[in-house]
Amino acid sequence: MKFKIDPKNITSIRSLLVLLSLITACFTSNAAVIEVKPNAELPTGLIQKAIDRANNGDVVLVYPGTFSENLDLGKKQIVIESKQGASSTIIIANNKLDSVVTLNGGTIRGFTLTGGTGRPRKSSYGNDYYGGGVYASGNSIIENCIIFGNGHGKPKVNSGTFAGGVYAGGKGANVVIRNSLLYDNFAWASGGAVLTDHGAEIRIENSTLYGNQSTNFLGHQGGVAMANGGKVEIVNSILWANSGDEIGAFAGIYSQGTQAIVRYSMIEGGYQGEGNLFVPQPGFINPSEVAGSDSILGTKDDGLRPASESPIIGQANAEEFTNLTGTDLAGFLRLQGAKPEIGCYEFGNLVNSDRNTPPPPPATDPGTPPDPDYKDTIAELKRLLAEKDKQLAHCEKEMDAKNKEIGELTSENAKLQGEVKSLNGKVTGLEKQVATLKSD
């Protein structure tokens with residue numbers, strides 16, 4: 001059925017839109033903000049109690065701290081948000097044999113989620129576990145989160161089975177993972193980082209999936225897996241160093257109806273799609289130390305931040321970003337150049353300020369020069385020097401290998417020349433014999 005707009009009714013339509021916006025504003029204005037602060041006397045259940053009190057549209061605002069809980073939002077359309085970000089607001093699964101968070105239409109923003117195995121379902125192994133970090137259905141959003149260290153245990157006993165990081169399941173489900181890091185999650189059957197299943201659709205936007213694992217069972221998808229009609233859209237994101245396939249469908253009949261669309265992303269080994277990068281190295285600052293020297297994920301020294309020569313710099317599609325005026329996972333401005341970076345980390349050091357904003361005046365009295373502090377500069381120079389040393393060592397290693405190869409080729413060439421000389425001697429001898437025979 002097609003509808004036509006009569007120009008005579010435009011005024012009425014505008015009036016209706018204004019009325020609808022006023023109604024929406026009235027509902028929005030009734031939303032409550034429920035604050036949650038750490039409490040040593042009540043170490044568990046604080047956030048869940050706030051969720052139980054909340055109504056649709058409410059915001060549960062969580063102050064910095066470490067919380068031992070498993071959160072279940074039910075079907076509530078609410079937002080669970082940290083006050084100061086994922087690096088300082090950590091939820092550790094109180095019940096390891098469950099998902100850290102269960103969503104069915106809600107939003108979780110700005111948390112570190114760790115220590116979960118997944119939502120249990122009865123199986124021939126006793127239980128299969130789905131979604132160690134997050135079990136999501138409905139129209140759910142996971143934003144500015146660090147999901148790591150989930151699903152670990154003994155395979156087929158007490159470890160993650162499907163989706164060590166995030167499970168998206170159920171027909172009609174539309175799940176979004178945005179500006180997040182999925183690292184070191186495990187699922188022995190499929191989807192070390194993510195599995196989309198049973199007709200669910202998931203969009204992974206400006207996120208990094210690194211170092212997640214699954215074992216080889218009907219396909220080997222350490223990164224993103226699909227099964228039973230599940231679909232995934234990956235945009236402005238990085239999948240690197242995940243075991244097996246970075247992106248793949250569960251084997252056999254379970255792969256029917258699955259689909260992966262990848263754009264403006266960097267996938268190890270390459271992946272066909274608009275704007276995707278095909279590069280041998282990702283250009284991370286220090287992938288051997290993902291959490292940096294402070295051992296805290298989501299801070300400025302994280303090892304997966306891009307180095308100055310990284311191929312991801314300025315390669316994202318800004319039109320695919322939901323919030324270009326926001327910050328990356330470590331708190332740096334998302335847009336610091338002409339275009340943002342691929343993944344959850346931005347290159348640069350601007351934090352909640354504009355490039356053209358002048359620095360604040362010194363705190364010392366006028367005419368008194370501030371005391372020099374070169375600690376950060378020296379540390380940065382040391383880091384750059386160490387990085388160059390690694391590059392030099394790598395080049396020297398490659399040069400030694402090439403020299404060895406040249407030596408082997410030279411030796412082989414000399415051997416071949418000797419054989420050619422010998423053959424030439426034999427040919428000359430044969431020619432003499434032929435000449436003698438002709439003379440006779």
Side-chain angles (χ1 to χ4, degrees), residues 38 64-67 82-92 110-115 133 144-150 152 165 179-186 193 206-213 237-242 266 268 281-313 327-334 336 340-353 359 371-395 397:
T66 299
F67 300 81
S82 71
K83 190 174 177 66
Q84 291 187 13
S87 63
S88 59
T89 319
I90 302 165
I91 302 175
I92 302 174
F111 291 88
T112 292
L113 309 175
T114 188
N144 303 340
C145 286
I146 298 168
I147 301 170
F148 92 99
N150 297 288
H152 291 285
N179 206 44
S180 295
L181 171 67
L182 278 72
Y183 164 62
D184 188 31
N185 300 289
F186 175 81
N206 53 284
S207 294
T208 300
L209 283 61
Y210 182 89
N212 301 283
Q213 297 180 348
S237 294
I238 298 171
L239 277 74
W240 205 272
N242 301 292
M266 182 175 69
E268 186 173 16
Q281 295 296 331
F284 297 137
I285 288 176
N286 185 8
S288 64
E289 199 171 42
V290 175
S293 58
D294 63 4
S295 299
I296 301 173
L297 289 167
T299 57
K300 66 180 182 179
D301 69 344
D302 284 8
L304 300 184
R305 290 192 68 204
S308 58
E309 300 87 4
S310 174
I312 71 171
I313 294 176
T327 60
D328 73 356
L329 194 65
F332 297 106
L333 285 183
R334 194 72 246 205
Q336 297 195 31
E341 272 69 274
I342 292 172
C344 65
Y345 294 104
E346 190 72 17
F347 175 75
N349 291 300
L350 294 182
V351 183
N352 295 327
S353 62
D371 293 332
D373 184 1
Y374 302 114
K375 184 169 63 176
D376 290 342
T377 303
I378 292 170
E380 179 67 9
L381 289 173
K382 285 183 177 178
R383 184 191 64 75
L384 290 172
L385 182 61
E387 186 177 330
K388 295 299 181 185
D389 285 342
K390 285 183 180 178
Q391 292 176 357
L392 180 60
H394 179 70
C395 289
K397 187 176 180 181

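Below, all heavy atoms of this structure are taken into account, side chains as well, without hydrogens, waters or symmetry copies.
- Considering only residues two or more places apart in sequence or on other chains, Ile92 meets the side-chain contact (heavy atoms from CB on, under 4.5 Å) condition with Thr66, Ile90, Thr114.
- When all heavy atoms are compared, the tightest approach of Glu341 to Phe347 is OE2-N, 2.9 Å.
- Scanning all heavy atoms of the two residues, the minimum distance from Ser310 to Gly283 falls at CB-O, 3.3 Å.
- Partners of Tyr210 by ring-ring contact (aromatic ring centres under 6.0 Å, His included), not counting sequence neighbours, listed by chain and number: Phe284.
- To the nearest 0.5 Å, atom CG of residue Leu209 and atom CG of residue Leu239 are 4.5 Å apart.
- The minimum heavy-atom distance between Lys300 and Ala330, with the atom names listed, is N-CB, 4.3 Å.
- The side-chain contact (heavy atoms from CB on, under 4.5 Å) check on Ser82 picks up Thr89, Phe111, with sequence neighbours excluded.
- By the side chain to side chain donor-acceptor pair (under 3.5 Å) test, Asn185 pairs with Asn150, Asn212, sequence neighbours left out.
- Taking OG of Ser180 as the reference point, atom CD1 of Ile146 lies at 8.5 Å (rounded to 0.5 Å).
- In plain terms, the two heavy atoms of Gly110 and Cys145 that are nearest each other are N-SG, 3.7 Å.
- Under the side-chain contact (heavy atoms from CB on, under 4.5 Å) criterion, Thr299 pairs with Ser87, Asp294, Ile296, Asp301, Asp302, sequence neighbours left out.
- Of the possible donor and acceptor atoms, none in the side chain of Asn206 sits under 3.5 Å from a partner among the backbone N and O of Gly343.
- Applying the side-chain contact (heavy atoms from CB on, under 4.5 Å) test to Gln84 and every residue at least two apart in sequence or in another chain returns Pro64, Ser88.
- Listed by chain and residue number, Arg334 satisfy the salt bridge (charged side-chain N to carboxylate O under 4.0 Å, His left out) test with Glu346 (two or more places apart in sequence, or in another chain).
- Side-chain atoms of Thr327 do not come within 3.5 Å of backbone N or O of Leu333 as any donor-acceptor pair.
- Between Trp240 atom CH2 and Glu268 atom CD the span is 5.0 Å, to the nearest 0.5 Å.
- Taking the side chain to side chain donor-acceptor pair (under 3.5 Å) definition, one finds that Asp184 meets it with His152, sequence neighbours left out.
- Residues Leu329 and Leu181 share a closest heavy-atom pair of CD2-CB, 3.6 Å.
- Taken to the nearest 0.5 Å, the OG1 atom of Thr112 stands 11.0 Å off from the CG atom of Asn144.
- To the nearest 0.5 Å, the span separating CZ on Phe148 from CG on Leu182 amounts to 12.0 Å.
- We find the CD1-CG distance between Ile147 and Leu297 to be 12.0 Å, quoted to the nearest 0.5 Å.
- Shortest non-hydrogen contact noted between Ser288 and Asn286 is OG-OD1, 2.6 Å.
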